[in-house]
Amino acid sequence: MDKLRLATFNTNGIRARLHIILPWLSENNIDCLCIQETKVQDRDFPVEPFHDLGMHLAFKGQKAYNGVAIVSPHDIEDIRIGFDDQPHEVDDAARCISCKIQGVHIVNTYVPQGKAVDHPDFQKKLLWFERLEALFNKRYHKEDMLIWCGDMNVAPESIDVYAPEKKANHVCFHESVRNAFKKCVHWGLADCFRLLHPGEPNQYTFYDYRIPKAVERGLGWRIDHILATKPLCANIQNCFIDIEPRKMEKPSDHTFLLADFKI
DNA sequence: ATGGTAGTAAAACTA
């Protein structure tokens, strides 16, 4: 049996985060790193520093906003951009990238944040999960080794956000968006982190820059997720949040989330 | 109740 160590990280600007990503990749023996919010168009993607580490790359970005990437020391096969078989919104391509690594299907998404529950973009966010489920149905089988990971912009349960009693109208915690996310998960996936850490509070992957000392005060959200099908969940070894890079100089507002599988 | 910070890319937008 082989192993697959996968991680997900919202960089909030990949070019501003190379001082964190490159050493972290070398030190953590990663088989696949899924990145969101690269904020760079393809022609300006920093390819060389990754190639210098012996990494393969797949990416799709747009100017200033969004952008997703996959980094791996292995061959990245079957690369697909966006919702290939559905009509595209303008920025869909830079929010969803899929591939196959070591026989495992991987879908890396940066789900739209939604702006406000009464904003049209929030309805697009809800629809986004339905379109993703349609993509799962069309492309994959529940028996496949499939991982869906990324910045989902949803805290699934009260335990996944600080002060949940104040967040009922937040675009990342509103009942409708939690249900939309869960419906997509129930296609045939499970939340790897909760599988290994049921009921564990204060486990967050995002701390807003604008809240002073948010990490120290525990004012975070668990909105980045790794979800996997049964064949992978049956062989999951580990799933944990690495918050150390959030404490470094010029950090992203998100942490790394990792999972180890036997494949 | 509001604003707080950060990245991109060149003033304002997104988060």
Side-chain angles (χ1 to χ4, degrees), chain A residues 8-22 24 34-47 49-50 59-69 82 89-96 108-129 149-156 160-174 176-178 180-181 204-225 241 243-257:
Chain A
T8 179
F9 179 47
N10 179 319
T11 57
N12 188 24
I14 191 170
R15 289 171 292 181
R17 238 49 88 188
L18 291 174
H19 68 290
I20 290 173
I21 299 170
L22 297 171
W24 191 88
C34 291
I35 296 174
Q36 306 85 36
E37 279 207 89
T38 55
K39 291 188 170 184
V40 62
Q41 51 196 326
D42 293 348
R43 67 160 191 252
D44 296 326
F45 193 97
V47 169
F50 290 98
F59 52 82
K60 185 65 191 178
Q62 70 183 76
K63 194 164 152 185
Y65 302 115
N66 309 320
V68 282
E89 290 286 327
V90 180
D91 63 6
D92 278 350
R95 288 181 177 273
C96 181
N108 171 22
T109 62
Y110 173 43
V111 177
Q113 190 257 14
K115 294 193 175 75
V117 290
D118 56 358
H119 191 283
D121 283 9
F122 187 67
Q123 294 307 314
K124 283 191 193 169
K125 180 180 189 177
L126 299 181
L127 189 60
W128 216 85
F129 288 111
C149 70
D151 179 354
M152 310 305 179
N153 269 316
V154 177
D160 298 315
V161 60
Y162 76 99
E165 68 283 359
K166 294 177 183 168
K167 300 288 190 283
N169 259 337
H170 193 288
V171 288
C172 297
F173 192 63
H174 191 273
S176 63
V177 82
R178 291 160 61 198
F181 170 70
Y204 303 132
T205 63
F206 167 79
Y207 296 90
D208 198 316
Y209 287 130
R210 295 169 293 188
I211 301 174
K213 304 223 177 287
V215 176
E216 294 85 334
R217 297 160 65 200
L219 304 181
W221 297 71
R222 195 175 72 90
I223 56 174
D224 301 89
H225 304 291
I241 295 161
I243 196 175
E244 288 312 308
R246 179 67 181 80
K247 301 173 180 171
M248 292 171 62
E249 285 299 305
K250 288 249 170 209
S252 170
D253 41 5
H254 292 252
T255 69
F256 286 81
L257 172 68

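A quick note: this is a predicted structure, and the numbers were derived from the prediction, not measured. By convention in this document, chain letters (A, B, ...) are assigned in the order of the sequence lines, proteins followed by strands, and residues within each chain are numbered from 1. Reckoned from all heavy atoms, side chains included, excluding hydrogens, waters and symmetry mates.
- The shortest non-hydrogen separation linking Gly218(A) to Tyr204(A) is O-CE1, 3.3 Å.
- Nucleotide dG7(B) holds its P atom 17 Å from the CD atom of Gln36(A), rounded to whole Å.
- At whole-Å resolution of the value, CG in Leu219(A) and C1' in dT5(B) are 15 Å apart.
- Within the structure, a side-chain polar atom (N or O) of Arg17(A) is placed less than 4.0 Å from OP1 or OP2 of dG7(B).
- In this structure, the CD1 atom of Ile20(A) is 13 Å from the C1' atom of dA6(B), given to the nearest Å.
- Remark: the separation of the P atoms in dT5(B) and dA9(B) is 22 Å, to the nearest Å.
- Here dT5(B) presents its P atom at 13 Å from CZ of Arg217(A), a figure rounded to the nearest Å.
- One P atom belongs to dT14(B), the other to dA10(B), and the distance between them is 15 Å to the nearest Å.
- Rounded to whole angstrom, the span from the NZ atom of Lys250(A) across to the P atom of dA6(B) amounts to 7 Å.
- Of the inter-residue distances, the one linking Asn10(A) atom CG with Gln36(A) atom CD reads 5.5 Å to the nearest 0.5 angstrom.
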Counting only pairs under 3.5 Å, give me each side-chain donor-acceptor contact of residues 120-129 of chain A, with atom names and distances, residues two or more places apart or in other chains.
residue: Asp121(A); atom: OD2; partner: Lys115(A); partner atom: NZ; Å: 2.4
residue: Lys125(A); atom: NZ; partner: Gln113(A); partner atom: O; Å: 3.0
residue: Lys125(A); atom: NZ; partner: Asn153(A); partner atom: O; Å: 2.7
residue: Lys125(A); atom: NZ; partner: Val171(A); partner atom: O; Å: 2.8

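- A pairwise comparison of heavy atoms in Gly114(A) and His119(A) identifies O-CB, 4.0 Å as the closest pair.
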Assign a letter to each nucleotide of nucleotides 9-15 of chain B from its 5' end: B, base within under 4.0 Å of a protein heavy atom; S, sugar-phosphate only; -, no contact.
-> SS--BSB
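- For the P atom pair drawn from dT2(B) and dA6(B), the interatomic distance equals 23 Å after rounding to whole Å.
- For the salt bridge (charged side-chain N to carboxylate O under 4.0 Å, His left out) test, residues two or more places apart in sequence or in another chain that qualify with Arg95(A) are Asp91(A).
- For the C1' atoms, the distance linking dA12(B) with dA1(B) amounts to 24 Å, nearest Å.
- Judged purely by distance below 3.5 Å, without hydrogens or angles, the side chains of Ser252(A) and His254(A) never pair a donor atom with an acceptor atom.
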